[in-house]
There are 4 protein chains.
Amino acid sequence: MAIPREEKFQRILDAAIEAFAEVGYYQCQVSKIARLAGVADGTIYLYFKNKEDILVRLFQERMGDFIHDIRTQLKDCRSTQERLKAIIKTHFSYMEKNRSLAIVTQLELRQSDIKIRMAIGGPLKEYFKLIEEVIAEGIELGEVVPMDVRIARQLVFGSLDEATTDWIMARTQRTLLSEVDQMLFLFAGALRLQSKASGGENTPDDAS
Amino acid sequence: MAIPREEKFQRILDAAIEAFAEVGYYQCQVSKIARLAGVADGTIYLYFKNKEDILVRLFQERMGDFIHDIRTQLKDCRSTQERLKAIIKTHFSYMEKNRSLAIVTQLELRQSDIKIRMAIGGPLKEYFKLIEEVIAEGIELGEVVPMDVRIARQLVFGSLDEATTDWIMARTQRTLLSEVDQMLFLFAGALRLQSKASGGENTPDDAS
Amino acid sequence: MAIPREEKFQRILDAAIEAFAEVGYYQCQVSKIARLAGVADGTIYLYFKNKEDILVRLFQERMGDFIHDIRTQLKDCRSTQERLKAIIKTHFSYMEKNRSLAIVTQLELRQSDIKIRMAIGGPLKEYFKLIEEVIAEGIELGEVVPMDVRIARQLVFGSLDEATTDWIMARTQRTLLSEVDQMLFLFAGALRLQSKASGGENTPDDAS
Amino acid sequence: MAIPREEKFQRILDAAIEAFAEVGYYQCQVSKIARLAGVADGTIYLYFKNKEDILVRLFQERMGDFIHDIRTQLKDCRSTQERLKAIIKTHFSYMEKNRSLAIVTQLELRQSDIKIRMAIGGPLKEYFKLIEEVIAEGIELGEVVPMDVRIARQLVFGSLDEATTDWIMARTQRTLLSEVDQMLFLFAGALRLQSKASGGENTPDDAS
DNA sequence: AATGAATGAGGGTTCATTCAT
DNA sequence: CATGAATGAACCCTCATTCAT
């Protein structure tokens with residue numbers, strides 16, 4: 001019985017993630033992806049237009065999942081604090097579960113190559129919009145002090161992103177998830193978060 | 001009169017920054033750098049061991065300047081708030097004055113290529129240390145709530161870095177420097193900054 | 001029907017022999033070999049590690065054949081005189097049949113490049129050993145006056161080699177094989193060869 | 001006081017011999033010769049037309065000396081045996097005294113590069129002619145059995161040449177000169193040398 | 001005459017992509 | 001669909017030669 005088309009497509013994507021994570025997009029040879037995927041070099045081109053297409057589809061597929069995950073988590077949240085925590089937790093747990101993908105994200109997200117950025121830009125902007133919506137909603141609800149949502153989003157995303165990069169570079173056993181509460185504490189302070197329920201001050205220890 | 005050796009070295013570095021910024025390190029041809037620098041291809045190799053050496057020396061030279069600039073600015077600061085503001089201002093103004101270098105930084109800083117990271121890592125770690133020192137000193141002075149300085153540094157650096165990336169990507173006329181006060185306001189909140197002098201609450205508008 | 005892998009390997013080797021013979025190893029471009037072999041430049045590298053590997057394998061393959069040929073001829077010889085004649089004949093006829101290879105041999109055999117000499121040295125030493133064995137056996141059999149076999153080998157190999165070089169340089173129609181008997185006459189004299197059967201004196205004309 | 005022009009010319013030639021001997025003509029960089037000669041790269045071109053010219057002039061100068069040396073030695077010889085011995089001794093002692101030049105000779109003498117061969121060919125042919133003259137004279141004098149002088153010369157030169165190559169490759173302390181008598185013994189046998197004075201048989205031990 | 005920084009053509013090698021099987 | 005041998009354009013780097021000083 002032949003492997004279904006979809007499965008082989010995913011196998012190649014997974015192989016590409018591993019390969020890109022290890023040596024970066026430009027340094028990675030198509031034949032390496034083929035080897036990791038257990039297919040012939042030529043087979044790659046039955047599923048992808050060219051090397052760049054692999055990277056593009058990779059982001060579309062996997063970032064799409066990620067955004068979808070977060071949106072799902074956000075549905076059950078009742079306050080900005082809960083929503084921020086959901087974002088941090090999902091971001092960190094996703095990166096932790098997909099370390100190689102995380103590496104590729106941190107790496108290639110920055111590519112200045114126009115064509116590549118265009119392709120990656122979509123899902124990322126979607127994520128930015130999501131974060132900004134949460135902040136804007138917080139302001140509307142009076143839970144967040146009025147401020148420039150773009151700059152606030154830069155702080156939120158930049159911090160999560162940098163924490164992830166740090167974690168990748170460190171190569172230690174330290175988990176990202178262990179930092180959720182501390183990151184939330186910082187965000188809460190930055191946004192002057194007022195929990196409607198408690199109204200109390202946030203401290204590093206009661207942030208959960 | 002011949003161009004002094006040092007000047008030609010700098011000319012090549014500047015050309016490399018432009019070239020790397022435009023297409024990225026791996027996509028950039030040595031001949032492109034030579035053309036931009038107004039020298040022959042072979043001349044490059046009188047000043048640099050190889051292509052990689054250009055990137056490495058570039059970071060060593062220019063990041064060194066950057067760190068030195070910040071340290072100089074910090075000397076005149078009398079509070080953590082002033083120190084944070086100095087970091088933000090210097091970071092933003094340096095990136096704004098060296099847009100191409102900023103692009104290269106955002107781009108290649110993430111490279112997973114071991115050799116490249118080793119070379120870049122030094123100056124960057126120096127910067128991280130500097131930020132962490134400011135935060136730690138703030139805690140000692142009682143101006144910052146006790147917290148994990150590493151995570152706080154991730155927030156500070158990550159936010160500055162993301163703001164810079166955003167600015168690069170936007171390609172608008174908007175200046176980075178116009179965001180200094182708003183970024184400082186966010187940092188002040190995240191760190192629960194207590195200005196010894198006023199002791200009052202920080203607001204988006206009085207952050208200057 | 002595709003050309004078998006082995007055949008293409010040999011086609012490239014043959015092309016390399018022609019190319020090296022014409023301009024020498026260092027002056028020869030890989031693309032020239034490719035053109036002569038009727039393959040693309042890159043194809044060379046599917047069969048050989050690099051340019052040097054072509055030269056090395058060339059000697060291993062073809063010198064191996066040569067040594068094997070001589071050993072085969074020696075089996076049917078019943079006297080030192082016959083053995084010497086077999087060596088001269090096989091040496092000359094092989095070089096004559098493989099003029100280009102002969103040129104490469106005369107040329108690159110002398111290379112001082114360590115790596116190349118290491119590769120070529122093997123088969124050549126094998127040939128030296130073979131000649132010395134024949135002389136040593138002749139001494140044991142009482143057919144050759146006791147002497148330093150190394151120096152005698154230098155005379156035998158040196159003379160054959162020089163005759164070959166002469167023939168290559170001359171570019172005339174004169175054949176090498178026509179000199180077999182005269183060369184044998186000289187060797188016989190140098191070694192004071194005693195033909196057990198006749199015991200008579202050798203002359204230039206009865207050397208056959 | 002400036003170094004006289006002629007001396008600097010010789011310094012460069014000597015440096016070239018060392019350099020060519022070490023890595024071969026094509027592998028040798030002009031800058032290496034300049035360094036060894038203690039002059040600037042550009043200075044080379046004040047004395048030589050180009051790199052090839054260095055090699056050509058080198059052979060013309062030094063081989064000329066060599067031939068001249070041998071001709072001088074031959075003047076005092078009274079028999080073919082003495083003349084052969086003079087050739088062997090002078091050849092070996094010259095190579096031993098000029099090991100690097102010997103290496104270059106063994107190496108580049110074989111170059112098939114037309115232009116180079118043309119230049120080197122002259123002095124070498126002169127040497128061949130000299131050897132052939134000695135043999136022809138020996139035949140005329142009745143000291144050498146009538147034979148093809150070209151082939152006899154191939155044996156003489158080939159043996160000397162191979163002995164030299166062997167010595168170069170061996171890199172041992174063994175001297176070439178220690179082999180003079182044994183080589184003469186072999187030549188005497190090959191040529192059926194009849195010493196008019198003694199008329200006796202030559203043996204390995206009385207060859208002096 | 002001497003220098004040595006600068007030049008730029010040239011070549012070995014890689015690797016994304018194709019296509020005959 | 002799948003293969004993987006073959007392709008050949010592209011690129012980093014070397015080094016013989018030049019020339020302004």
Side-chain angles (χ1 to χ4, degrees), chain A residues 2-5 8 25-35 37-54, chain B residues 1-5 8-9 12 26-35 37-54, chain C residues 1-5 8-9 12 26-35 37-54, chain D residues 2-5 8 25-35 37-54:
Chain A
I3 295 165
R5 185 174 169 80
K8 194 169 279 192
Y25 174 73
Y26 284 114
Q27 289 291 81
C28 173
Q29 296 149 252
V30 172
S31 63
K32 180 184 185 125
I33 299 173
R35 188 161 18 88
V39 301
D41 289 17
T43 305
I44 302 272
Y45 291 85
L46 297 174
Y47 293 85
F48 299 89
K49 193 149 44 74
N50 51 34
K51 188 182 171 186
E52 187 185 312
D53 189 40
I54 304 175
Chain B
M1 191 182 62
I3 295 165
R5 186 176 169 79
K8 193 167 280 190
F9 176 83
I12 295 173
Y26 284 114
Q27 289 292 83
C28 173
Q29 296 154 237
V30 171
S31 62
K32 179 181 187 130
I33 299 174
R35 187 161 17 87
V39 299
D41 289 18
T43 305
I44 302 275
Y45 293 87
L46 296 175
Y47 294 85
F48 299 89
K49 195 150 41 73
N50 50 36
K51 188 181 169 188
E52 186 186 313
D53 189 40
I54 304 175
Chain C
M1 191 180 62
I3 296 164
R5 184 175 170 80
K8 192 167 281 191
F9 176 83
I12 295 173
Y26 284 116
Q27 289 291 83
C28 173
Q29 296 156 235
V30 171
S31 61
K32 178 182 188 127
I33 299 174
R35 188 161 16 87
V39 300
D41 289 17
T43 305
I44 302 276
Y45 293 87
L46 296 176
Y47 293 84
F48 299 90
K49 193 150 44 72
N50 50 34
K51 187 182 170 187
E52 186 186 312
D53 190 40
I54 303 176
Chain D
I3 295 164
R5 186 177 168 79
K8 193 168 280 191
Y25 174 73
Y26 283 116
Q27 290 290 81
C28 174
Q29 295 149 249
V30 172
S31 62
K32 180 184 185 125
I33 298 174
R35 188 160 18 86
V39 300
D41 290 17
T43 305
I44 301 274
Y45 292 86
L46 297 174
Y47 294 84
F48 298 89
K49 195 150 42 74
N50 51 34
K51 187 181 171 186
E52 187 185 311
D53 190 39
I54 304 175

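Below, chain A is the first sequence line, B the second, and so on; all start at residue 1. Small disclaimer: the values here were computed from a predicted structure and weren't measured.
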### Query
Can you find a pair of side-chain heavy atoms, one from Leu46(D) and one from Lys8(D), that are under 4.5 Å apart?
no

## Note on the structure
Walking DNA chain F from its 5' end, the first of Gly38(C) and Gly42(B) to be reached, judged by nearest nucleotide, is Gly38(C)

### Query
OP1, OP2 of dA6(E) versus side-chain N and O of Lys8(B): anything below 4.0 Å?
yes

### Query
CG of Asp53(C) versus P of dG12(E): gap in Å, rounded?
15 Å

### Query
What's the CG-P distance between Asn50(B) and dC15(F), to the nearest Å?
15 Å

### Query
dG4(E), dT17(E), dG4(F): which one has an atom nearest the side-chain heavy atoms of Ala40(D)?
dG4(E)

### Distance, rounded to the nearest Å, where Tyr26(A) contributes OH and dC12(F) contributes P
13 Å

### Closest-nucleotide 5' rank along DNA chain F - winner of Gln29(D) and Gln29(B)
Gln29(B)

### Strand partner of dT21(E), provided both Watson-Crick or wobble distances fall under 3.5 Å
dA2(F)

### Query
Mind checking who dA1(E) pairs with, Watson-Crick or G-U wobble, both distances under 3.5 Å?
none

### Distance (rounded to the nearest 0.5 Å) between Asp41(C) CG and Ile33(C) CD1
10.0 Å

### Task
Measure from the side chain of Asp41(C), starting at C-beta and using heavy atoms only, and say which of dG8(F), dG12(E), dT17(F) lies closest.
dG8(F)

### Query
Is any side-chain nitrogen or oxygen of Thr43(B) closer than 4.0 Å to OP1 or OP2 of dT7(E)?
yes

### Task
Look at the aromatic rings of Phe9(B) and Phe48(B) and report parallel, tilted or perpendicular, splitting at 30° and 60°.
parallel

### Message
Please pick, from dA16(F), dT17(E), dT13(E), the nucleotide with the shortest atom-to-atom distance to any side-chain atom of Tyr45(D).
### Response
dA16(F)

### Rounded interatomic separation in angstrom, taking CZ from Phe48(C) and C1' from dA6(F)
15 Å

### Query
What is the distance from CD of Gln27(A) to P of dC11(F), rounded to the nearest Å?
14 Å

### Query
dA1(E), dA16(F), dT17(E): which one has an atom nearest the side-chain heavy atoms of Leu46(D)?
dA1(E)

### Message
Just the rounded figure in Å: distance from C1' of dG8(F) to CD1 of Ile44(C).
### Response
13 Å

### Message
Check for me whether Lys51(A) meets the cation-pi criterion with Tyr25(A), that is, NZ or CZ under 6.0 Å from the six-membered ring centre and within 45 degrees of the ring axis.
### Response
yes

## Note on the structure
From CD1 of Ile33(B) across to P of dT7(E) the rounded distance in Å is 15 Å

### Task
Round to a whole Å and report the spacing from NZ of Lys32(C) to P of dG8(F).
20 Å

### Task
Look at Tyr47(B) and dA5(E) and indicate whether a side-chain polar atom (N or O) is within less than 4.0 Å of OP1 or OP2.
no

### Message
Are Ile54(C) and Tyr47(C) packed together at the side-chain level, in the sense that at least one heavy-atom pair is separated by less than 4.5 angstrom?
### Response
no

## Note on the structure
Ranking dT17(E), dG12(E), dT17(F) by distance to the side chain of Val30(A), first place goes to dT17(E)

